[in-house]
Amino acid sequence: MPSALPDGEPVPADGALPASALAGAADRPLGFYLHVPYCATRCGYCDFNTYTATELRGSGGVLASRDNYADTLAEEIRLARKVLGDDPRPVRTVFVGGGTPTLLAAGDLVRMLGVIRDEFGLAEDAEVTTEANPESVDPAYLATLREGGFNRISFGMQSARPHVLKVLDRTHTPGRPEACVAEARAAGFEHINLDLIYGTPGESDDDWRASLDAALGAGPDHVSAYALIVEEGTQLARRIRRGEVPMTDDDVHADRYLIAEEVLSGAGFEWYEVSNWATSEAGRCLHNELYWRGADWWGAGPGAHSHVGGVRWWNVKHPGAYAAALAEGRSPGAGREVLTEEDRRVERILLELRLREGVPLSLLREQGLAAARRALSEGLLQEQPYQEGRAALTLRGRLLADAVVRDLVD
């Protein structure tokens, strides 16, 4: 089941933000994340805030229905307009995620985007992305999205091998994600991502290379590759505990990451974040870069998280409770925290170190600077950026990014 929300102070009923959160807003880009919490089935490794029809039956009534979800989410977008007041910023990025956004009608996704356009306006070069399950779209669906203003799409491929997909409880047919890329190109999408997962129990090096080759053969301009994380409470965690499949292995993850870098860089992709590669700067996911650079975004939907000017908040998780709050004219926020300057400094280090450009050494304290010097001598940081005042990871450093960042934040 989905993981628990963090603790925090109450969110005001009207969602109002402290004045400090809006200070200097014009200098920061603004993005929207729209969460669609519905899935046809639950994948065995997933602990996202998503719900199948069976899980919702009897627990949310008509309020939790996906049939009227676009209208419900539109109410939160209008709430955002009230909370942000006369903030003049047009929206720079929109990302529809889930769950499986494409379980909604294509027209619903376009209508949600239309509300953002009506309430805030979209930047001239706005990036508008949706995630998609390969089995839940067809050429007509993709054409509707493109005509409605979506210009980037991300397909969940995970693997090209049937036995790996079976362990992950993925239901799409091998080869379907690659076909989707061709259909998206035909619909006019210029920017297309394929999501891959490595380190699944039973996956071999050859399986992983086959998945990378299949992804590249489809012709996307962006590939995301994530190590499988076994989350407590998931079906996969229970299967491992029962001994049905082996536990994931950190050494295997490292080997698979090196294979990914070898194959993707050999095909003209460059890494720009530890788990993300693109064929050009234009192919990068700008919305995710907003997260990694601490910009402003409003997360609409059950369990969605937001950040504006150092204030972070999160919504109630259940679709029924979310819809009920909005129907009563209340913010669906479940809790929030106001970040201190030290919180924001630490978060910048945690997130920006993952980027190709790295993090300014000026953010580090004395112990962190000493750790950076050690990391440089151990081949974990690049020499040239270091001399220019930035801590940027080497390939070996990317393998040990979590350990490096722990030392730098001291």
Colleague: So do the side chains of Glu366 and Asp410 get within less than 4.5 Å of each other, counting heavy atoms only?
Modeller: no
Colleague: Inspect the contact between Arg284 and Glu270 and indicate whether a charged nitrogen and a carboxylate oxygen are less than 4.0 angstrom apart.
Modeller: no
Colleague: Please report the closest heavy-atom contact between Asn315 and Trp313, naming both atoms and the distance.
Modeller: OD1-CD1, 4.3 Å
Colleague: Sequence neighbours excluded and cut-off under 3.5 Å, please list the side-chain donor-acceptor pairs for residues 94-112, or say none.
Modeller:
{"from": "Thr102", "atom 1": "OG1", "to": "Asn133", "atom 2": "N", "distance (Å)": "3.3"}
{"from": "Thr102", "atom 1": "OG1", "to": "Ser136", "atom 2": "OG", "distance (Å)": "2.5"}
{"from": "Asp108", "atom 1": "OD1", "to": "Arg111", "atom 2": "NH2", "distance (Å)": "3.0"}
{"from": "Arg111", "atom 1": "NH1", "to": "Asp71", "atom 2": "OD1", "distance (Å)": "2.7"}

Colleague: Check whether any side-chain N or O of Glu337 sits under 3.5 Å from a backbone N or O of Leu339 as a donor-acceptor pair, and report yes or no.
Modeller: no
Colleague: Determine whether a donor-acceptor pair (N or O, by modelled atom type, separation under 3.5 Å) exists between the side chain of Tyr322 and the backbone of Gly303.
Modeller: no
Colleague: Salt-bridged, Glu281 to Arg356, with N to O below 4.0 Å?
Modeller: no
Colleague: What is the distance from atom CG of Leu264 to atom CG of Leu216, rounded to the nearest 0.5 Å?
Modeller: 5.5 Å
Colleague: Identify all side-chain donor-acceptor contacts of residues 8-21 below 3.5 Å with residues at least two apart in sequence or on another chain.
Modeller:
{"from": "Glu9", "atom 1": "OE2", "to": "Arg336", "atom 2": "NE", "distance (Å)": "3.1"}
{"from": "Asp14", "atom 1": "OD1", "to": "Ala16", "atom 2": "N", "distance (Å)": "3.0"}

Colleague: Please report the interatomic distance CH2(Trp277) to OG(Ser265), rounded to the nearest 0.5 Å.
Modeller: 9.5 Å
Colleague: Does the pair Leu395 and Leu258 meet the rule for a side chain to side chain contact (heavy atoms under 4.5 Å, CB included), with working shown?
Modeller: CA-CA 8 Å; Leu395 176 55; Leu258 292 173; 3.8 Å; yes
Colleague: By side chain to side chain donor-acceptor pair (under 3.5 Å), which residues pair with Arg152, not counting sequence neighbours?
Modeller: none
Colleague: So Leu113 and Leu122, do their side chains get closer than 4.5 Å, heavy atoms only?
Modeller: yes
Colleague: Considering only residues two or more places apart or on different chains, which pairs with a residue in residues 338-352 satisfy salt bridge (charged side-chain N to carboxylate O under 4.0 Å, His left out)?
Modeller: Arg312-Glu347, Glu342-Arg345, Glu342-Arg365, Arg348-Glu352
Colleague: When you measure from the side chain of Glu203 to the backbone of Gly199, do you find a donor-acceptor pair of N or O atoms at a distance under 3.5 Å?
Modeller: yes
Colleague: Please name the pair of heavy atoms, one in Pro220 and one in Phe269, separated by the smallest distance, quoted to 0.1 Å.
Modeller: O-CZ, 3.4 Å
Colleague: Between side-chain atoms of residues 377-384 and protein atoms elsewhere (two or more places apart, or another chain), which donor-acceptor pairs fall under 3.5 Å?
Modeller:
{"from": "Ser377", "atom 1": "OG", "to": "Arg374", "atom 2": "O", "distance (Å)": "2.7"}
{"from": "Gln382", "atom 1": "NE2", "to": "Leu393", "atom 2": "O", "distance (Å)": "2.8"}
{"from": "Glu383", "atom 1": "OE2", "to": "Gln387", "atom 2": "NE2", "distance (Å)": "2.5"}
{"from": "Gln384", "atom 1": "NE2", "to": "Glu388", "atom 2": "OE2", "distance (Å)": "2.7"}

Colleague: State the CD1-CD1 distance between Ile116 and Ile77, to the nearest 0.5 angstrom.
Modeller: 4.0 Å
Colleague: Thinking salt bridges, do Arg81 and Asp87 make one under a 4.0 Å N-O criterion?
Modeller: no
Colleague: Output yes when a side-chain donor or acceptor of Arg185 lies under 3.5 Å from a complementary backbone atom of Gly219, and no otherwise.
Modeller: yes
Colleague: Indicate yes or no: at least one non-hydrogen side-chain atom of Leu376 is less than 4.5 angstrom from one of Arg373.
Modeller: no
Colleague: Does Leu30 form a side chain to side chain contact (heavy atoms under 4.5 Å, CB included) with Leu84? I'd like the steps, not just the answer.
Modeller: CA-CA 11 Å; Leu30 173 66; Leu84 297 178; 4.3 Å; yes
Colleague: Does Glu357 have more than 12 heavy atoms from other residues, nucleotides or ligands lying within 6.0 Å of its CD?
Modeller: yes
Colleague: Restricting to non-hydrogen atoms, name the atom on Val128 and the atom on Gly149 that form the minimum distance, rounded to 0.1 Å.
Modeller: CB-O, 3.6 Å
Colleague: Is Glu261 close to Arg398 at the side-chain level, that is, under 4.5 Å between some pair of heavy atoms?
Modeller: yes
Colleague: Does any non-hydrogen side-chain atom of Tyr33 lie less than 4.5 Å from one of His287?
Modeller: yes
Colleague: Can you tell me if Asn151 uses its side chain to pair, donor with acceptor, with the backbone of Ala126 under 3.5 Å?
Modeller: yes
Colleague: Any cation-pi pair here, Arg354 with Trp292, using under 6.0 Å and within 45°?
Modeller: no
Colleague: Does Ala160 offer a backbone N or O that forms a donor-acceptor pair with the side chain of Ser211 under 3.5 Å?
Modeller: yes
Colleague: I would like to know whether Gln367 and Asp407 meet side chain to side chain contact (heavy atoms under 4.5 Å, CB included); could you show each step before the answer?
Modeller: CA-CA 8 Å; Gln367 285 182 303; Asp407 290 339; over 6 Å; no
Colleague: Atom OG of Ser306 and atom CG of Asp296: how far apart are they, to the nearest 0.5 Å?
Modeller: 10.0 Å
Colleague: What heavy-atom pair brings Arg28 and Gly309 nearest, and what distance separates the two atoms?
Modeller: NH2-CA, 3.5 Å
Colleague: Output yes when a side-chain donor or acceptor of Thr173 lies under 3.5 Å from a complementary backbone atom of Arg176, and no otherwise.
Modeller: no
Colleague: Hydrogens and angles aside, do Asp207 and His163 bring a side-chain donor and acceptor to less than 3.5 Å of each other?
Modeller: yes
Colleague: Hey, could you give me the CD/CZ distance between Glu183 and Phe189, rounded to the nearest 0.5 Å?
Modeller: 11.5 Å
Colleague: Can you find a pair of side-chain heavy atoms, one from Leu142 and one from Phe150, that are under 4.5 Å apart?
Modeller: no
Colleague: Quick one: which residue pairs count as a ring pair (Phe, Tyr, Trp, His ring centres under 6.0 Å) with a foot in residues 204-223, not counting sequence neighbours?
Modeller: Tyr198-Trp208, His222-Tyr272
Colleague: State which residue, out of Trp297, Trp314, Tyr291, fulfils the ring-ring contact (aromatic ring centres under 6.0 Å, His included) condition with His307.
Modeller: Trp297
Colleague: Can any side-chain N or O of Glu76 pair as donor or acceptor with the backbone N or O of Gly301 at less than 3.5 Å?
Modeller: yes
Colleague: Compare every heavy atom of Val115 with every heavy atom of Ala74, then report the nearest pair and how far apart it is.
Modeller: CB-CG2, 3.9 Å
Colleague: Does a side-chain heavy-atom distance below 4.5 Å link Pro201 with Leu228?
Modeller: yes
Colleague: Heavy-atom count check: over 12 atoms from other residues, nucleotides or ligands less than 6.0 Å from Glu124 CD?
Modeller: no
Colleague: Sub-3.5 Å donor-acceptor pair from the side chain of Tyr257 to the main-chain atoms of Val274, do we have one?
Modeller: yes
Colleague: What's the spacing between Asp195 CG and Ser159 OG if we round to 0.5 Å?
Modeller: 13.0 Å
Colleague: State, to 0.1 Å, how close Leu194 and Met157 come at their nearest heavy-atom pair, and which atoms those are.
Modeller: CD1-SD, 3.9 Å
Colleague: Report yes if the side chains of Asn276 and Ser224 come closer than 4.5 Å at any heavy-atom pair, otherwise no.
Modeller: yes
Colleague: Does the side chain to side chain contact (heavy atoms under 4.5 Å, CB included) test come out yes or no for Glu190 and Asp221, once each step is laid out?
Modeller: CA-CA 8 Å; Glu190 182 179 356; Asp221 66 335; 5.6 Å; no
